[in-house]
K.L.:
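There's a structure below that I have some questions on.
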There are 2 protein chains.
Amino acid sequence: MSKIQQRSLYLDVADRVRELIEQGDLAPGERISEKHLCERFGVSRTPLREALKVLASEGLVELLPNRGARVVRLTLKMVKDTYDLMGALEGLSGELACQNISDEGIRAIRTLHDEMLRHYRERNLPDYFRVNQRIHESILAASANEVLQETYSNLSQRVKRVRYSKKMTDDFWGNAVQDHEHMILALEARDGRRLGQILRDHLCNKLEVASLAGVVEDETALEVATS
Amino acid sequence: MSKIQQRSLYLDVADRVRELIEQGDLAPGERISEKHLCERFGVSRTPLREALKVLASEGLVELLPNRGARVVRLTLKMVKDTYDLMGALEGLSGELACQNISDEGIRAIRTLHDEMLRHYRERNLPDYFRVNQRIHESILAASANEVLQETYSNLSQRVKRVRYSKKMTDDFWGNAVQDHEHMILALEARDGRRLGQILRDHLCNKLEVASLAGVVEDETALEVATS
DNA sequence: GAGAGGTATTATGAATTCAAAATGCAGCCA
DNA sequence: TGGCTGCATTTTGAATTCATAATACCTCTC
């Protein structure tokens with residue numbers, strides 16, 4: 001029995017373009033040729049153009065009237081602003097999670113937390129990242145606020161292209177783990193205010209280790225120096 | 001000399017549909033007939049459909065595959081969730097504003113504040129609301145975070161349809177003005193933490209006086225009782 | 001050889017057309 | 001009478017077509 005409800009074509013196209021942007025197959029600032037992508041996806045221009053409009057309203061591409069679309073170039077300021085925002089949202093998610101999460105939910109996150117610690121002790125960065133992300137997702141889900149989840153994931157998508165330094169220093173890593181220790185304690189105490197604050201600060205630290213080279217505008221490095 | 005840079009048609013259409021929704025000309029849950037709107041706007045289906053896709057990604061309409069579009073029905077939970085989110089964003093805007101605003105900017109807001117107080121004393125609700133909104137907009141602008149501004153205005157648009165009770169009690173009004181007194185003091189002291197907190201709580205109060213009848217799902221009133 | 005101007009080509013914007021799905025309605029049967 | 005089946009109509013989804021703006025290229029002039 002196959003699925004009855006078929007998704008619209010433009011949604012699939014949008015997903016695929018998002019993927020290309022995230023993977024870097026469509027470079028920042030790169031002109032998006034409608035014809036080229038149509039042939040690549042095997043669809044006509046109509047659904048592709050609809051998809052581009054959606055992606056534009058998501059902030060992933062920009063549409064220049066009569067001159068096509070291009071992948072938005074992230075500036076350092078945009079990334080920083082987005083992180084500030086995501087920090088506030090993470091903070092809210094922590095507060096709400098403490099109000100709404102079940103005891104079982106807390107135990108599940110504790111399990112993830114312990115698993116993450118194992119990966120940390122073994123210096124297994126990929127698995128650490130994976131479990132780390134699941135913890136944050138779990139807290140977000142526990143907030144039981146769908147508008148928040150949707151907004152967060154949109155912002156997250158925008159900066160997904162930014163890759164983090166492979167050579168994350170032990171210092172930063174240690175601090176992050178320390179943050180998580182405090183998080184789980186606050187969560188188990190259902191101290192929303194505290195959990196929120198930790199989550200917010202935690203994200204700010206994350207920004208610091210972000211290696212923005214390549215994805216971010218070069219001229220922006222200049223901005224940093226001058227500001 | 002006319003403007004050289006013409007906006008795309010779908011943007012104009014999107015604006016007009018947004019207006020119709022905000023004004024209530026398109027009722028919540030109402031089916032949106034492509035043909036009807038095309039004739040009304042004098043455009044073909046292509047730009048209208050592009051506009052609908054954008055509006056869907058903004059959360060104003062929902063697209064049912066093969067069955068057209070409809071104006072989203074706001075549930076009480078959605079409105080509440082959105083306000084929680086907007087509260088967090090207002091809080092952030094306050095913190096950032098204190099960091100970034102100029103002394104002149106503070107003086108400008110103080111002027112607005114005093115003007116608002118005059119309208120309050122004269123019980124001039126429309127002008128009070130207008131100036132009130134300008135204050136919040138000024139703080140948001142002073143945050144110097146465009147991603148924040150854009151996100152806030154999107155969320156704001158979603159719940160714009162919700163009309164506030166004409167019979168706002170003197171109590172609530174007095175409290176709101178009191179909040180504003182604290183706000184301007186925190187701003188003048190550049191106490192971001194405090195301003196943020198006030199703005200957040202201020203918005204929560206606003207929700208309480210919201211008269212949700214008509215725009216919000218009826219079944220939702222039930223949800224309130226059961227939760 | 002460099003630059004300006006004009007034409008050809010290409011890409012985008014929007015309308016139209018074609019195909020497929022959903023809706024409405026009439027007739028049929030229990 | 002009530003509900004189901006099947007056909008006609010309407011509506012949506014997607015491709016195609018047409019018009020217009022942008023780009024590239026070529027020529028002509030200095």
K.L.:
The criterion is side-chain hydrogen bond (donor to acceptor under 3.5 Å, both in side chains); which residues satisfy it with A:Arg45, sequence neighbours excluded?
P.N.:
A:Glu34
K.L.:
Applying side chain to side chain contact (heavy atoms under 4.5 Å, CB included) to A:Arg130 and A:Asp127, what does each step give before you reach the verdict?
P.N.:
CA-CA 5 Å; A:Arg130 191 176 45 76; A:Asp127 279 338; 3.1 Å; yes
K.L.:
Separation of A:Arg31 atom CZ from C:dT10 atom P, in whole Å?
P.N.:
14 Å
K.L.:
Round to the nearest Å and state the distance from A:Glu39 atom CD to C:dT10 atom C1'.
P.N.:
13 Å
K.L.:
Should the ring pair B:His202 and B:His180 be called parallel, tilted or perpendicular, given that the plane angle runs from 0 to 90° and is split at 30 and 60?
P.N.:
perpendicular
K.L.:
Expressed in angstrom and rounded to an integer, what is the separation of A:Leu64 atom CG from C:dA11 atom P?
P.N.:
16 Å
K.L.:
From the list C:dA22, C:dG13, C:dA14, which nucleotide is the closest neighbour of the side chain of A:Asn66?
P.N.:
C:dG13
K.L.:
Between which nucleotides of DNA chain D, read 5' to 3', does contact with chain A run, using atoms under 4.0 Å from its heavy atoms?
P.N.:
D:dA14 to D:dT23
K.L.:
Is the closest basic N to carboxylate O distance between B:Arg134 and B:Glu115 below 4.0 Å?
P.N.:
no
K.L.:
For the residue pair B:Ser93 and B:Leu199, what are the closest heavy atoms and their distance?
P.N.:
OG-CD1, 4.2 Å
K.L.:
Heavy-atom nearest nucleotide on DNA chain C for B:Ser8 versus B:Arg45: which residue maps closer to 5'?
P.N.:
B:Ser8
K.L.:
Name the residue from A:Arg158, A:Arg18, A:Lys160, A:Lys53 that meets the salt bridge (Lys or Arg N to Asp or Glu O under 4.0 Å) definition with A:Glu58.
P.N.:
A:Arg18
K.L.:
Report the distance from atom CZ of A:Arg70 to atom P of C:dT12, rounded to the nearest whole Å.
P.N.:
12 Å
K.L.:
Which part of the nucleic acid does A:Leu11 contact within heavy-atom distance under 4.0 Å: base, sugar-phosphate only, or nothing?
P.N.:
nothing
K.L.:
What is the distance, to the nearest angstrom, from the CD atom on A:Glu50 to the C1' atom on C:dT12?
P.N.:
15 Å
K.L.:
For A:Asp84, is there an ion pair with A:Lys80 - N to carboxylate O distance below 4.0 angstrom?
P.N.:
yes
K.L.:
With DNA chain D as reference, determine whether A:Gly42 or B:Ser33 sits nearer its 5' end, using the nearest nucleotide of each.
P.N.:
B:Ser33
K.L.:
Measure the distance from CZ on B:Arg49 to C1' on C:dG13 and round it to the nearest whole Å.
P.N.:
16 Å
K.L.:
Under 4.0 Å between a side-chain N or O of B:Arg67 and OP1 or OP2 of C:dT23?
P.N.:
yes
K.L.:
Atom OH of B:Tyr10 and atom P of C:dA14: how far apart are they, to the nearest Å?
P.N.:
10 Å
K.L.:
I need the CD-C1' distance between B:Glu34 and C:dA14, as an integer number of Å.
P.N.:
15 Å
